[in-house]
Amino acid sequence: MSFPGPHAEPTAADSPLLANLNDEQRAAVTLPEGHSLILAGAGSGKTRVLTTRIAWLISTGQVSPGGVLAVTFTNKAAKEMMTRLTALLPVNVRGMWIGTFHGLCNRFLRAHWKLANLPQSFQILDTQDQLSAIKRLMKQFNVDDERFPAKQTQYFIAGAKEDGLRPGDMQARGEDDRKKIELYALYEEQCQREGVVDFGELMLRSYELLRDNDAVREHYQRRFRHILIDEFQDTNRLQYAWIKMLAGHTDALGHFTSGSNSVLAVGDDDQSIYAFRGARVGNMSDFVREFDVQHQIKLERNYRSFSNILDSANALISHNKKRLGKNLRTDQGPGEPVRVYEAPSDFAEAQWMVEEMRQLVRDDVERKEIAVLYRSNAQSRVIETALFNAGMPYRVYGGLRFFERAEIKHVLAYLRLLENADDDTSFLRVVNFPPRGIGARSIEQLQDAARSRGVSLAKGVEGLPGKAGANLGAFVAKIDVMREQTQGLSLKEIVELVLDASGLVEHYKADREGEDRLENLEELVNAAEAFVTQEGFGRDAVALPVDELRQSAVSQGLDPNLPVLDDPLAPDADTGETLSPLAAFLTHAALESGDNQAQAGQDAVQLMTVHAAKGLEFDCVFITGMEEGLFPHENSLSDFEGLEEERRLMYVAITRARRRLYLSHSQTRLLHGQTRYNLRSRFFDELPEEALKWLTPKQSGFGQFGGSGAGGGSRGSSGGFGGFSSSGYSGGYASGSPAPAPVPQRAAPSHGLRTGMQVFHNKFGEGTVTALEGSGDDARAQVKFNRHGIKWLALSVAKLTPVE
DNA sequence: GAGAAGGCGCTTTTT
DNA sequence: GCGCCTTCTC
């Protein structure tokens, strides 16, 4: 099917939209109908292409605003897209389907809540809520939490949903599996009974509704002529299936046939760093194959970094085997070399960094243009200490976000109970908070009663005898009174009333350390107020293109009886019910958990994990802890895929830097209360020497991984960094071997070994010390033997002789 | 019901 | 080594 009416091939001169694009970008923006894949390298103007593409499609009349579906992963990216689009086109973007996967699925389920078999004001469980729901479930069914840790069950359920699997679709491969599937089924029942959905459920239920309801599916398939997906390399199985379902028509056998809709997937396989949470890079090649993609465009011109930085990134990532293939280039010239520093300790590394930063600041670099990246959060501590002692302002990304804070979750639990008294998770959260004399015993009694009658906790309270019954009754009555009192109030007033009536404010006022929490409660009131105005929950603010969209829907031949889904306040067609602002606010709180960075706004050095840095850029970047075991992380080394993902992570880290890049590593590091002796990261050996500048002498011949044909990661019997086993190296080796030669450099541990040293073992032969841990009798060494792989050896037992 | 004591885990994280 | 969570004790 083709677009109705002839549309002239527009040229660059036709539209100012195309004025400042390079050839690759322009080609991407003006792609013809059909499915396309854009391989967008770091810093290549990806978001620009996406937004300009949408603007282009609309302004050339190829699609109406209502016919566009644009999906991102984060709210930040979605907002960015809407902001930029507004700047390009005089169109009200609020009614457009631009949002996160979960945000759009939420919108979809709100509109079709009946078909989806959900209560209209269903609430969304975040990860915390989900875990406590699972814990409660497991307790109720007396599941051994030693054998089935709640976290693991949660992981199992979330993973199953990400793969689009219901309990019935899964086959047990053992007793434990069977139990987990059973728990998954029980969990589903519980959620359904309580009217709540978790994040995975938002996706899965949307997908199933599209799959199982022909009318609904066809409606949306006809509507969304152009589907655009950002960060495609991060999509999981279910998200891909969801896109597929929306994108095209399926034939009688359920096979995808290329239909009238165009899917534009934008992604970068080299920046795929979320496999651990279900992302599937393979979706990119599947997409090309299954959608019969006709157009692939690579955006390889980088506008961010100088070429020493880009060359480093290119060289590093070229060591990955599984790639679609792409090379970044720039016109900017080499710029400064990449600086490499080796420190004797993590403490010294941090110290050195602070000194460098001071110099940078003296040279007029803004502090917020300096970023410190690390592989794991535990590394931030020593850096923070150094920055703090130096009086250098800094901020750390990560940690609890606003809506995840305990005091906020407490208020939200009360608010949720106003909306839905059957929400047992919320009930349990606040039934005795602030404390009101309802102990574990009473609650257990209540749970038993509710279970036997098959009702929610709130309903189970009725008729409960004794003191427990009285106290619980009072609590339920309190909620009921609040619900009464909040009728007709504004959202802000509702929140204020609950803060007061729940006793939360009073409770935190009495708490010596409750000051911050009180401040956050204040902030929640502000957030509620802002939500009403910003999200357009005052009707007037929603004077958005609903009519326009309705018209365009009709002109596209869409079913006028299906609801127009662009107005979350649209009343239900049958009953006239509308979603309350409170329910919408609670949804907002679950889907947008807010900022997770402290002290935003001031000029401060930025500290974050490499993962958190994705999508950001800075003038100066420090990548710290460049050590074997840390980066690449030891847990990723057991398989090939893991190492490749670590390399992609390093690629992301490098490409964050615009002008200046530092890489540092340390000989010793305090981790989990123990001093570790780490080898310099193998990634150093994958960078182009001519782009580097060693600030400390490069310790050559240290038995690094690149040496003597040892090529790729760990091989051999031990299967990686598995910790040391008790057998295999014990006992009775040649006594009286000469004491290890003392190492003149720096503070050496008493056993005299250090990483990089060549050693001989009577049984395993020659090898290289790759790590050292512990001291005295507990001292142990990790040795990479030439013929026996990597082993951990207890130095009190194993005799290791240094080799010349 | 609050505070102390003990145990566990510890890569990365958005929605 | 630290923070979080659960359990113990009064």
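Numbers restart at 1 for each chain; the letters A, B, ... are given by sequence-line order, proteins then strands. Computed from heavy atoms alone, side chains included, the values below leave out hydrogens, waters and symmetry copies.
Spacing between atom CD of A:Q130 and atom C1' of B:dT14 amounts to 13 Å, rounded to whole angstrom units. Atom pair A:D198:CG and B:dT13:P shows a separation of 21 Å (rounding to whole Å applied). In this structure, CG of A:D234 is placed 13 Å from P of B:dT13, rounded to the nearest angstrom. Rounded to an integer number of Å, the gap from CD of A:Q123 to C1' of B:dT15 is 15 Å. Between A:L373 atom CG and B:dT12 atom C1' the separation is 13 Å, expressed in whole Å. Distance, A:L649 CG to B:dT13 P: 10 Å, rounded to whole Å. Following rounding to the nearest Å, A:F402 (CZ) and B:dT14 (C1') show an atom-to-atom distance of 19 Å. Put simply, NE2 on A:H633 is 11 Å from P on B:dC10, counting in whole angstrom units.
Not one side-chain nitrogen or oxygen of A:R381 sits closer than 4.0 Å to the OP1 or OP2 atom of C:dG1. An OP1 or OP2 oxygen of B:dT13 is reached within less than 4.0 angstrom by a side-chain nitrogen or oxygen of A:T609. Distances shorter than 4.0 Å separate none of the side-chain N or O atoms of A:N236 from OP1 or OP2 on B:dT15. Contact check, A:N635 against B:dT12: no side-chain N or O comes under 4.0 Å of OP1 or OP2. Side-chain nitrogen and oxygen atoms of A:K151 include none within less than 4.0 Å of the OP1 or OP2 phosphate oxygen of B:dC8. The side chain of A:N75 contributes no N or O atom lying less than 4.0 Å from OP1 or OP2 of B:dT14.
Among the heavy atoms of the strands, none lies under 4.0 Å from A:F101. At the heavy-atom level, A:D126 lies nowhere under 4.0 Å from the strands shown. Within 4.0 Å (heavy atoms only), A:N106 reaches no atom of the nucleic acid at all. Contact annotation for A:F73: backbone-only contact, meaning every heavy-atom pair under 4.0 Å involves sugar-phosphate atoms and none involves a base. Using a 4.0 Å heavy-atom criterion, one finds that A:I438 contacts the sugar-phosphate atoms exclusively. Heavy atoms of A:K161 sit nowhere under 4.0 angstrom from any nucleic acid atom.
Here the CD atom belonging to A:Q379 is positioned 8.5 Å from the OH atom belonging to A:Y374, to the nearest 0.5 angstrom. Rounded to the nearest 0.5 angstrom, A:K180 NZ and A:Y155 OH are separated by 10.5 Å.
Listed nucleotides: B:dC10, B:dT15, B:dT13. Nearest to the side chain of A:H672: B:dC10. In the set B:dA2, B:dT15, B:dT12, the nucleotide with an atom closest to the side chain of A:P435 is B:dA2. When each of B:dT14, B:dG1, C:dC5 is scored by its nearest atom to the side-chain atoms of A:K135, the top-ranked nucleotide is C:dC5.
One P atom belongs to B:dT12, the other to C:dC5, and the distance between them is 16 Å to the nearest Å. On the C1' atoms, C:dG3 is 23 Å away from B:dT14, given to the nearest whole Å.
Ring geometry, A:Y184 versus A:F156: the interplanar angle exceeds 60°, so the pair is classed perpendicular (tilted spans 30 to 60°).
Side-chain atoms of A:S636 stay outside donor-acceptor range of the base of B:dT12, with no qualifying N/O pair under 3.5 Å.
The ring of A:H611 does not lie on top of the base of B:dT12; it is either too far (5.5 Å or more) or too tilted (30° or more). Both thresholds, 5.5 Å between centres and 30° between ring planes, are not jointly met by A:F199 relative to the base of B:dT14, so the two rings are not stacked.
In this structure, A:R277 is positioned above the aromatic face of A:Y274, its NZ or CZ under 6.0 Å from the six-membered ring centre and within 45° of the axis. Stacking of A:R110 on the aromatic ring of A:F122 is recorded, both the 6.0 Å distance cut-off and the 45° axial limit being met.
Among the candidates A:R280, A:K614, A:Q239, A:Q271, the single residue satisfying the side-chain hydrogen bond (donor to acceptor under 3.5 Å, both in side chains) test with A:D234 is A:K614. Considering A:E646, A:H633, A:E627 as possible partners of A:R375, the one that fulfils the side-chain hydrogen bond (donor to acceptor under 3.5 Å, both in side chains) test is A:E646.
Where A:S593 and A:G437 each meet DNA chain B at their nearest nucleotide, the meeting point lying more 5' is that of A:G437. Each of A:A612 and A:R436 was matched to the nucleotide of DNA chain B holding its nearest heavy atom; the match closer to the 5' end belongs to A:R436.
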